[in-house]
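In this text the structure is predicted, and so the values were computed from the model without any measurement. Quick note on labels: first sequence line is chain A, next is B, and so on, each numbered from 1.
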There are 2 protein chains.
Amino acid sequence: MPETQDPRQNHLLAALPVEDRERLFPKLEETPMPLGHVLYESGAQMRHIYFPTTAIVSLLYVMEDGASAEIAVVGNEGVVGVSLFMGGETTPSRAVVQSAGLAYRLPGQLLKDEFLRAGPMQRLLLRYTQALITQMAQTAVCNRHHSLDQQFCRWLLLSLDRLPTNELVMTQELIANMLGVRREGVTEAAGNVQRAGLIEYRRGHIAVLDRAGLEARTCECYAVVKKEFDRLLPYTD
Amino acid sequence: MPETQDPRQNHLLAALPVEDRERLFPKLEETPMPLGHVLYESGAQMRHIYFPTTAIVSLLYVMEDGASAEIAVVGNEGVVGVSLFMGGETTPSRAVVQSAGLAYRLPGQLLKDEFLRAGPMQRLLLRYTQALITQMAQTAVCNRHHSLDQQFCRWLLLSLDRLPTNELVMTQELIANMLGVRREGVTEAAGNVQRAGLIEYRRGHIAVLDRAGLEARTCECYAVVKKEFDRLLPYTD
DNA sequence: CGGGTTCTGTTCGACACCGCACAGATCTTC
DNA sequence: GAAGATCTGTGCGGTGTCGAACAGAACCCG
C-alpha cells in the first residue's frame, strides 16, 4: 500500500509530458471519494473535472419513476466530466462513486483553459471520450441482447479492471441499481457464477477467483470495450 | 421542393459563420446516399466525414452471431464519423444509410485540419458529439427498461425529426434490425400503434398521422434526447 | 394478367426477467 | 452476547420477448 498518493496513478495524467505535468499538477486538488458520493447531479452545472486514481465512478441515468441504469463506469483510466470540455457543461446523467477511493480534481475553468491549448491534454481527453462512447454504445447493445449472467460478468470485469485488488465492496442491491435489474436477479446471477467457482461472495464483498473464467462466461461486449480502450489509450505501468 | 441542393440543409454547416463557409463549402463533395449503403464498416479506416442533408444514417453494432442493434441515428442535424476528429480514426460500429437521400462529405484530412483551427467548426463538432453521447446513453437506458411499443415510437420520432416529410420508407424487417428485436415484434408494435390511429402502415411505408400521440405513447427517452439536442445545437430555419 | 417474390400477420410453446412476499443469514452495536 | 439492522436466498404467478412455422396480402415483372 503506497503511503503517498500520486496523480500519476491516473493514466491520463500519467501520459502527459513532463512539461505539461509541471504546469498542471500543482493545480490539482486531492479529493477523497466516499462510497455513494454524488459528483454531479443530472443537469447540474459541473464545477470540477475529476481524475480518479483509486476510486471508481458510475455514470447513471435515473428515470422519472426512480429506476436507474448505468451508462458507463470510470476509473483511473479516465476522467469524469467530459461535458465540460465538450462544451455542454451539463449532462442528463448522474455521476456517483461506486467504489470508494481518491481522485484529483481540477476546477472547470482551468480544465477548459488547458483544453484550449490544443496540446497533449486535449488529445488525451478526446481519445478518452471516444473510448467512453464505445463503452456506452456497447452497454446499449448488451442491454438489448445479452443475459443477466453475461452482463453481470461484464460489469464485474469492467470494475475489476479499474481496481488494484481482486475484491470489490458492493451489495447486490447496488449492483442491481447499476445494471438496472431486480436485486433478486443479481442474487441468482451471482449464485450461478459462484457455483461455477469464478467468484467468492460474502455479504457485500466479491472476490474474483478466476478471471479467465469470467471472461469466458461474459459476452463479446467486454472484449470490444477493453480492446478499444487499449487501442485508444495505450498505457504501460 | 428545392431543385438545388445546398449544404446549409445540414444544420452544422448552416451554423458556420460566412467566413468559414466560404473556406469549407468549395471542398465539400455532394454525395448520393442510397438505402442500405454502408459508409463505414466496423473497425475500418474512415476516409471521409459525412454531413447528411436529406439522408438518414444509422450507427449499428453488429454482433458476432449476426444480430444487430442501433446505437444512434444521424440526420441533417449532425455528422457521421466523429472518430475522425476524436482521434480514434475507427469505431467498432457500422454506419448504414437508413433512409436514402443526400450528404456532403469532406475528406478526413481536410476535416482534421479544420478541427485543428479551433474555430466555430470545432466547437460545433464537439457539441454535436456530446449530443450524440446523450443519444447513445439514452438508447442504453431505453433498451433496458422500456417496452417494444415505446421503443418503436421513440425510433419513429427520432427518424421523423430528421426527415422533411411525415412518411418513411422502411420495412418491418429493417426496423427490427435497428431495434435489435424480431420482425414479428415490430409487426405487433406497429399494429398496436396503427390501431391507436397514430400511424398508417402499408408495406414498407409508414405515414405518421398523429405526432403528439406518438410522443405521448413513447417513453421519456425521446424527450431527453430531443431536449439535449436543442440545448446543445440551437437551430432556426 | 399471372407467377413469383417480398413483406406482413398470426399462432404456439419456451424462457428470462419482473414484482412481491417472506425466511434465513450475516454483520453491527451496545 | 443479545437485539437490531442489513443483506441474501427462495418461491410464486405474471408478462413480454423469443424462436419457429406458416398463411395471407401486396407488390413487381414478364
Side-chain angles (χ1 to χ4, degrees), chain A residues 35-36 63 65-70 98-99 140-156 167-196 199-207 217-219, chain B residues 35-36 63 65-70 98 139-156 167-196 199-207 217-219:
Chain A
L35 180 64
M63 302 199 311
D65 69 1
S68 62
E70 189 178 80
Q98 177 200 102
S99 178
V141 171
C142 203
N143 282 353
R144 161 61 64 212
H145 287 292
H146 298 133
S147 71
L148 183 42
D149 266 39
Q150 290 177 307
Q151 292 183 43
F152 174 72
C153 292
R154 174 179 63 88
W155 184 88
L156 217 50
E167 178 171 322
L168 63 171
V169 178
M170 174 80 33
T171 66
Q172 296 187 345
E173 180 79 42
L174 285 177
I175 299 178
N177 286 155
M178 304 288 172
L179 293 178
V181 298
R182 290 181 319 152
R183 198 261 314 153
E184 296 90 322
V186 174
T187 300
E188 185 166 346
N192 293 340
V193 177
Q194 173 151 12
R195 273 187 293 281
I199 61 171
E200 195 176 40
Y201 210 107
R202 47 167 261 278
R203 201 184 158 79
H205 296 254
I206 307 179
R217 201 182 176 95
T218 192
C219 44
Chain B
L35 180 63
M63 302 199 310
D65 69 2
S68 61
E70 188 178 82
Q98 178 201 103
T139 301
V141 171
C142 202
N143 282 352
R144 161 62 64 212
H145 287 291
H146 298 133
S147 71
L148 182 44
D149 266 39
Q150 289 177 307
Q151 291 184 42
F152 174 71
C153 292
R154 174 179 64 87
W155 183 88
L156 217 50
E167 177 170 324
L168 65 170
V169 178
M170 173 78 37
T171 66
Q172 295 187 346
E173 179 78 44
L174 285 177
I175 298 177
N177 287 154
M178 304 288 172
L179 294 178
V181 299
R182 292 178 320 148
R183 198 261 314 152
E184 294 90 324
V186 174
T187 299
E188 186 167 344
N192 294 340
V193 177
Q194 173 151 14
R195 273 187 292 282
I199 62 171
E200 194 176 40
Y201 210 107
R202 47 165 261 277
R203 202 183 158 79
H205 297 253
I206 308 179
R217 200 183 176 97
T218 193
C219 45

E200(B) atom CD is separated from dA26(D) atom P, nearest whole Å, by 13 Å
Review point. What does G204(A) touch in the nucleic acid at a heavy-atom separation under 4.0 angstrom: a base, only the sugar-phosphate, or nothing?
Key: sugar-phosphate
* Short side-chain N/O contact to dT6(C) OP1/OP2 from Q172(B), under 4.0 Å -> no
inquiry  = Need one value for E184(B): base, sugar-phosphate or nothing, where a base atom within 4.0 Å counts as base even if backbone is also close, heavy atoms only.
reply    = base
Exam field: side chain N143(B) to backbone N143(A), donor-acceptor pair closer than 3.5 Å: no
R203(A) has its side chain closest, among dT6(C), dC17(C), dT26(C), to dT26(C)
For H145(B) and G180(A) the tightest heavy-atom approach is CE1-O, 3.4 Å
Separation of dT17(D) atom P from Q151(B) atom CD, nearest Å, is 8 Å
Rounded to whole Å, CD of Q194(B) lies from C1' of dG9(C) at a distance of 12 Å
Of the listed dG9(D), dT6(C), dT8(C), the closest approach to the T187(B) side chain comes from dT8(C)
(Q) Please confirm whether the shortest side-chain N or O distance from R182(A) to OP1 or OP2 of dC17(C) is below 4.0 Å. (A) no
message = Can you tell me whether the side chain of R183(B) and the base of dG9(C) have a donor-acceptor pair closer than 3.5 Å?
response = yes
- Message: Within the 4.0 Å heavy-atom criterion, would you say T171(B) contacts the bases, only the backbone, or no part of the nucleic acid?
- Response: sugar-phosphate
L174(B) atom CG is separated from dC7(C) atom C1', nearest whole Å, by 11 Å
From CG of N192(A) across to C1' of dT8(D) the rounded distance in Å is 14 Å
E173(A) CD to dC20(C) P, in whole Å, measures 13 Å
Test side chain to side chain contact (heavy atoms under 4.5 Å, CB included), reference L156(B), set T218(B), L168(B), I175(B), output is L168(B)
The nucleotide from dC27(C), dC17(C), dC18(D) with an atom nearest the side chain of L148(A) is dC17(C)
To the nearest angstrom, the NE2-C1' distance between H205(A) and dT28(C) comes to 13 Å
When rounded to whole Å, the CD1 to P distance for the pair I175(B) and dT17(D) reads 16 Å
* Check for a donor-acceptor pair, side chain of Q151(A) on one end and backbone N or O of C142(A) on the other, with a separation under 3.5 Å. => yes
Residues T139(B), R154(B); criterion side chain to side chain contact (heavy atoms under 4.5 Å, CB included); working and verdict:
CA-CA 10 Å; T139(B) 301; R154(B) 174 179 64 87; 3.9 Å; yes
